[in-house]
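Written below as structure tokens is the structure these notes are about.
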Amino acid sequence: MAKKKLKSSIAISGGTNILFNILLFLIAAMCIFPLLYVFSISISTKESIAQYGYQIIPKEISLASYKQILGNGSSILNAFKNSVILTIVGTILGTFTIITYAYAMSRNDFLYRRFFNTIAFIPMLFGGGMVASYIVMVNILGLKNTPLALLLPLLFNTFYLVIMRTFFQTSVPFALIEAAMVDGANEFDIFFKIVLPISLPGIATISLFLTLAYWNDWFNAMIYLDDTFSPYSTLQYMLIKIQRTLEVVILKNSQMGPAAMEALKSLPTDGIRMAIVVVTTFPIALSYPFFQRYFVQGLTLGAVKE
């Protein structure tokens, strides 16, 4: 009887696993299909799109959209380099700033905990607005047309602070910190050798948020950089300017008569838009596997045993 019950439970478990695998496969397909669809449109010719519509498998393949985007090769490469550097530096500095601040806020024995909590939450509740931010960045700090104008606005986020503070409070047992104090460890040893190693899931989460924020940011470049082809221009801002320029060209030529419109037929407008999506999405998608490995780890499991 015991063997039959064991076999039935194994069968049920195996069926459940198959069901979940099928469900997760369908969800993954739903996530991947739009990306494949966008990529297919980006490599389709304008004539095939006009004749057959959007196809998951392109009827005619062309790289004209990517050639149009990469027309100013040196400028695109420089903007890509700027975005990569800004994303890496901003993610590292922002993560370090947030986790150190959040760790102090999570410690009940921190003397000025309430004061610094209030300071952190004020910008979340009462924002100064775009004009005030611009005056501070440009007139007071003098950071217009500098890399710091792109770095500082996203460096600290109260929402990310709340995530890390909650993570420290719920996932880092204070008994572990007390045990380290008894053993003679100072605050720096506790933070860097004990707290951080068991906090990698939370750190990876906010690091991913910061990576996405810096990589996708174009608004600060539009405000604080004077020229699209500034040496500090980011990839997203330059691609948006290319798309807007394309729209302006189409609008102007549509008012100039049939000859100008005939010249625009060879310009793959839909393909360019989809190619911009691919160019901006593909590099950041490569960072997901690096962060994903930490989301499923229960690193605090067994850290304190009764």
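Note that this is a predicted model, so its numbers are computed, not measured.
- Counting only distance, with no hydrogens or angles, the side chain of Asp183 and the backbone of Ala185 share no donor-acceptor pair below 3.5 Å.
- In the hydrophobic cluster analysis, where Ile, Leu, Val, Met, Phe, Trp and Tyr join through side-chain heavy atoms closer than 4.5 angstrom, Phe192 is grouped together with Ile99.
- Thr234 and Leu86 make their closest contact through CG2-CD2, 4.1 Å (heavy atoms, listed as atom of the first residue, atom of the second, distance).
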Legend entry - side chain to side chain contact (heavy atoms under 4.5 Å, CB included) evaluation trace for Ile177 with Ile194: CA-CA 8 Å; Ile177 298 175; Ile194 297 176; 5.8 Å; no

Inset, instruction - Give the intermediate values and the outcome of side chain to side chain contact (heavy atoms under 4.5 Å, CB included) for residues Gln236 and Ser83. - result: CA-CA 8 Å; Gln236 288 71 22; Ser83 292; 3.3 Å; yes

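- For Asn220, the side chain to side chain donor-acceptor pair (under 3.5 Å) criterion is met by Asp217, not counting sequence neighbours.
- To the nearest 0.5 Å, the span separating OG on Ser233 from CG on Asp226 amounts to 11.5 Å.
- Put simply, the side chain of Val84 reaches to within 4.5 Å of the side chain of Trp215, judged on heavy atoms.
- Judged purely by atom type and a 3.5 angstrom limit, Asn82 has no side-chain atom pairing as donor or acceptor with the backbone of Leu235.
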Would you tabulate the side-chain donor-acceptor contacts of residues 127-138 under 3.5 Å, counting partners in other chains and residues two or more places apart, or write 'none'?
| residue | atom | partner | partner atom | Å |
| --- | --- | --- | --- | --- |
| Ser133 | OG | Gly129 | O | 2.9 |
| Tyr134 | OH | Lys144 | NZ | 3.3 |

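- Residues Ser207 and Thr91 bring no donor and acceptor atom of their side chains to less than 3.5 Å of each other.
- Cluster annotation: Leu154 is connected to Phe159 through the hydrophobic network of ILVMFWY side chains, with a link wherever side-chain heavy atoms come within less than 4.5 Å.
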Inset, instruction - Report the C-alpha separation of Ile203 and Met164 in whole Å, then their side-chain angles, then the decisive distance to 0.1 Å, and conclude whether the side chain to side chain contact (heavy atoms under 4.5 Å, CB included) test is met. - result: CA-CA 7 Å; Ile203 296 173; Met164 279 310 302; 4.1 Å; yes

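- At a threshold of 4.5 Å between non-hydrogen side-chain atoms, the residues Tyr214 and Leu151 count as touching.
- Between Glu187 and Phe191, every side-chain heavy-atom pair lies at or beyond the 4.5 Å cut-off.
- Side-chain atoms of Ser40 never come within 3.5 Å of backbone atoms of Leu36 as a donor-acceptor pair (strictly under, hydrogens ignored).
- For Ile57, the CD1 atom sits in a loose shell: 12 or fewer heavy atoms of surrounding residues, nucleotides or ligands are nearer than 6.0 Å.
- Taking Ala179 as the reference, nothing meets the side chain to side chain contact (heavy atoms under 4.5 Å, CB included) condition, with sequence neighbours excluded.
- Partners of Phe209 under the side chain to side chain contact (heavy atoms under 4.5 Å, CB included) rule, at least two apart in sequence or in another chain, are Tyr160, Ile163, Thr205.
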Inset, instruction - May I have the step-by-step check of side chain to side chain contact (heavy atoms under 4.5 Å, CB included) for Val38 and Ile41, ending in yes or no? - result: CA-CA 5 Å; Val38 168; Ile41 298 172; 5.7 Å; no

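- Note that OG1 of Thr146 and CG of Leu152 are 8.0 Å apart. Values are rounded to the nearest 0.5 Å.
- Cluster membership check: Ile198 shares its hydrophobic cluster with Leu196, using side-chain heavy-atom separations under 4.5 Å among Ile, Leu, Val, Met, Phe, Trp and Tyr.
- Under the 4.5 Å side-chain criterion, counting only non-hydrogen atoms from C-beta, Phe219 is not in contact with Pro153.
- Between Phe39 and Met274, the closest side-chain pair of non-hydrogen atoms is not below 4.5 Å.
- A search for side chain to side chain contact (heavy atoms under 4.5 Å, CB included) contacts involving Ser62 returns Thr45, Ala64, not counting sequence neighbours.
- Phe20 and Phe25 fall into different hydrophobic clusters, where Ile, Leu, Val, Met, Phe, Trp and Tyr are joined by side-chain heavy atoms under 4.5 Å apart, directly or via other members.
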Inset, instruction - Check the pair Tyr224, Tyr232 against ring-ring contact (aromatic ring centres under 6.0 Å, His included), reporting the backbone distance first and the verdict last. - result: CA-CA 10 Å; Tyr224 300 118; Tyr232 307 116; over 10 Å; no

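- Phe174 places a side-chain heavy atom less than 4.5 Å from the side chain of Arg107.
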If you look only at distance, which donor and acceptor atoms sit under 3.5 Å apart when one is on a side chain in residues 110-124 and the other is two or more places apart or in another chain?
| residue | atom | partner | partner atom | Å |
| --- | --- | --- | --- | --- |
| Arg113 | NE | Met105 | O | 2.5 |
| Asn117 | OD1 | Arg165 | NH1 | 3.3 |
| Thr118 | OG1 | Arg114 | O | 2.9 |

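- Here the straight-line distance linking atom CD1 of Ile92 with atom OG1 of Thr87 works out to 11.0 Å at 0.5 Å rounding.
- Atom CZ of Phe96 has 12 or fewer neighbouring heavy atoms from other residues, nucleotides or ligands inside a 6.0 Å radius.
- Atom CD1 of residue Ile98 and atom CD1 of residue Ile206 lie 5.0 Å apart, to the nearest 0.5 angstrom.
- By the rule that hydrophobic residues join a cluster once side-chain heavy atoms approach within less than 4.5 Å of another member, Leu35 and Val278 end up as members of separate clusters.
- Between Ile61 and Pro58, the closest side-chain pair of non-hydrogen atoms falls below 4.5 Å.
- At least one donor-acceptor pair closer than 3.5 Å links the side chain of Thr100 to the backbone N or O of Thr97.
- Between Val172 and Ser199 there is a side-chain heavy-atom pair separated by less than 4.5 Å.
- The line from CD1 of Ile223 to CG of Leu150 is 10.5 Å long, rounded to the nearest 0.5 Å.
- A distance of 8.0 Å separates CZ in Phe167 from CG in Leu200, rounded to the nearest 0.5 Å.
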